[in-house]
Amino acid sequence: MSVSVSLQYIDPGAETTGELYGLWQTQPGDIAGIGKDALSFDAGLPVRPDMPLGGVWRVDAAVSEAVEAQMAGQAQRLVNAGRSLDEAVLGEAQAATLASAAKAGSTVEVQRDQGLLTAFLEQAGRQVQYYAWVETTDRGIMLARSTVNWFGHLDTIWREDALAPQRALHQRSLELALATRLTTVKTALTVVKWVGLVARIATLSGPAALVVLPGLVWGAVNDVIYPILRSDLFQRS
Amino acid sequence: MASDFGTTMRGVAEKIAHYVDGAATLTVETRFVEVGLDKGAKFEDAKPAARTEIKLDGDNSSVLPMMKNESGALEVDATVYELHMKNVQAAIDYRAKMVGQLLSALQSLRG
């Protein structure tokens, strides 16, 4: 059954709208100050004065067991994608192919992947360096906000009268946001590891290793995780 | 040029090591905001409800709200406790996975 959940990642460093893992709708925030759609527990109050550089993970849904189950499934899918990266082995043949392509130089596709990788790594850096906010609303009514750093320092402010199912929804929001951040870090580290591995095997150096190869490896890493993230069971409504 | 690539990889490893070194204490805090008051509800007015500190060496401490029951004995507010401990567990799990990832990457970069 498809249920309605809005998942937004407001990224202060993003320049355009997009999506993350086919799950979160990403949109630029206002890095200079106030978020575009700042939330408060009470309507009409001044919006928050700051916008976290680590971004805002915002979940809005009509609370139900089906919504909670869907979000749990999405978090699990991210875990599965991360596990696939752990288990993925960069074979000699694949490494040789990547090294050969890197030596051949950049192509339009590789340049596109280089741009995507750069944006991704910048986003990963923001997620790791700064506190992120995780906000949950029930059809627009603010339930809770958690602030969390890369290491897990966690500060949660709850609406005092939140009901048990609403509290459970925010726990799922937090779970999903943290699973996403872990996937981002794992993906970035896998790219770095694989680049190092291919460069060592093929004794690559200079622009071939530092400029062309990362874009190629980025494509190969995405080939591991996206079939899992985009399978039929992983539908965002 | 070969040393450029090696330098880059060493720089990545040093950054990761720096992050892991800085991850010594984990703090989890739970607060509440009362809504429907005349003055309005603001995040800045959130009241502390529970706080837990966990160190990497295993030491940990918690401050939890207590209430007097009918017989006058102090007992923990079960709802707040459950809510807070779920977040503590989520933070512990997340930290373990994050540090595990970083150490694994560090190992392969230095290997």
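- Between atom CZ of residue Arg31(B) and atom OG of residue Ser146(A) there is a gap of 10.5 Å, rounded to the nearest 0.5 Å.
- Looking at every heavy atom in both residues, Ala46(B) comes nearest to Ile157(A) through CB-CG2, 3.7 Å.
- Across Leu174(A), Thr190(A), Thr147(A), Val128(A), the residue that shares the most heavy-atom pairs under 4.5 angstrom with chain B is Val128(A).
- Taking CD of Gln171(A) as the start and CD of Gln89(B) as the end, the distance is 11.5 Å to the nearest 0.5 Å.
- Contact annotation: the side chain of Val33(B) never approaches that of Glu160(A) to less than 4.5 Å [non-hydrogen atoms, C-beta and beyond].
- Interface residue Leu189(A): only side-chain heavy atoms are found under 4.5 Å from chain B.
- Interatomic distance, Asn87(B) CG to His170(A) NE2, rounded to the nearest 0.5 Å: 6.5 Å.
- In terms of the side chain to side chain donor-acceptor pair (under 3.5 Å) criterion, residue partners of Ser62(B) (sequence neighbours excluded) are, by chain and number, Thr52(B).
- Closest non-hydrogen pair, Leu154(A) versus Ala91(B), comes out as CD2-CB, 4.3 Å.
- Using a 4.5 Å cut-off between heavy atoms, Leu182(A) contacts chain B through both its backbone and its side chain.
- There is no contact between Ala50(B) and chain A, counting heavy-atom distances below 4.5 Å.
- Looking at residues two or more places apart in sequence or on another chain, you find no ring-ring contact (aromatic ring centres under 6.0 Å, His included) involving His84(B).
- Between the side chain of Tyr94(B) and the backbone N or O of His153(A) there is no donor-acceptor pair closer than 3.5 Å.
- No part of Asp86(A) comes within reach of chain B, as not one of its non-hydrogen atoms sits under 4.5 angstrom from that chain.
- Residues of residues 65-79 of chain B lying within less than 4.5 angstrom of chain A, judged on heavy atoms, are Thr79(B) in numerical order.
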Passes side chain to side chain contact (heavy atoms under 4.5 Å, CB included), Thr30(B) versus Trp158(A)? Steps please.
-> CA-CA 8 Å; Thr30(B) 299; Trp158(A) 293 90; 3.7 Å; yes

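- Other residues, nucleotides and ligands place no more than 12 heavy atoms under 6.0 Å from the OH atom of Tyr81(B).
- Using a 4.5 Å cut-off between non-hydrogen atoms, the part of residues 96-103 of chain B that approaches chain A consists of Lys97(B), Met98(B), Val99(B), Gln101(B), Leu102(B).
- Scanning both residues, Ser104(B) and Lys193(A), for their nearest heavy atoms gives OG-NZ, 3.6 Å.
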